[in-house]
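Treat the numbers as computed from the prediction; the structure is a model and nothing was measured. Convention: sequence-line order gives letters A, B, ...; per-chain numbering from 1. FYI, side chains are in, hydrogens and waters are out, and symmetry mates aren't considered; it's all heavy atoms of this structure.
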Amino acid sequence: MKRGMFSDMLAAVRRIPKGRVSTYGDIAAASGHPGAARQVVWALRAGEGVPWHRVVGAGGRIRLTGESGFEQRLRLRSEGVAITGDRIDLKVYGWVWK
DNA sequence: AAGATGACGCCCG
DNA sequence: CCGGGCGCCATCT
């Protein structure tokens with residue numbers, strides 16, 4: 001079956017291990033769609049059963065606001081990811097594509 | 001067809 | 001660290 005842009009992105013998101021995080025920009029590039037960071041957002045909204053909480057902004061910043069942001073912090077912390085303020089240390093928790 | 005919208009990213013002051 | 005400005009691009013008025 002044909003693999004659209006969103007499918008490619010969701011596949012990449014599903015490859016992020018528990019306890020690690022990646023960024024919108026990296027997901028876009030890793031899935032073969034460099035520069036399409038904004039579209040990763042659409043993919044996450046449309047996708048189901050994907051670990052959306054493991055996707056954060058550049059530099060490890062939490063971009064979600066309000067209730068959703070609260071939920072994301074909750075989920076990440078439950079996986080052992082430390083969050084200082086609104087940032088996550090990518091040197092420690094950032095997933096490196098290989 | 002034309003403008004507005006974002007869970008974005010990068011650079012600059 | 002904090003805004004402000006600009007580029008980006010599928011989707012939605």
Among [options], which is the nearest nucleotide to the side chain of [X]?
| X | options | value |
| --- | --- | --- |
| Leu44(A) | dT5(B), dG9(B), dA7(B) | dA7(B) |
| Arg87(A) | dG9(B), dA7(B), dC1(C) | dC1(C) |
| Trp42(A) | dT11(C), dA7(B), dG9(B) | dT11(C) |

Can you tell me how far [atom2] of [N] sits from [atom1] of [X], to the nearest Å?
| X | N | atom1 | atom2 | result |
| --- | --- | --- | --- | --- |
| Ile27(A) | dA10(C) | CD1 | P | 18 Å |
| Arg63(A) | dC10(B) | CZ | C1' | 11 Å |
| Glu71(A) | dA7(B) | CD | P | 16 Å |
| Tyr24(A) | dG9(B) | OH | P | 8 Å |
| Met5(A) | dC9(C) | CE | C1' | 8 Å |
| Glu67(A) | dA7(B) | CD | C1' | 15 Å |
| Gln39(A) | dT5(B) | CD | P | 17 Å |
| Phe6(A) | dG6(B) | CZ | P | 16 Å |

Steps toward side-chain contact (heavy atoms from CB on, under 4.5 Å) verdict (Gln39(A), Met5(A))
CA-CA 8 Å; Gln39(A) 282 50 248; Met5(A) 173 184 257; 3.8 Å; yes
OG1 on Thr23(A) to CZ on Arg61(A), rounded to 0.5 Å
11.5 Å
Is Arg54(A) reaching over with its side chain to a backbone N or O of Ile16(A), donor-acceptor style, under 3.5 angstrom?
yes
NA contact type, Ala36(A), heavy-atom cut-off 4.0 Å: base, sugar-phosphate, or nothing?
nothing
Can Glu79(A) and Arg75(A) be counted as an ion pair, charged N to O under 4.0 angstrom?
no
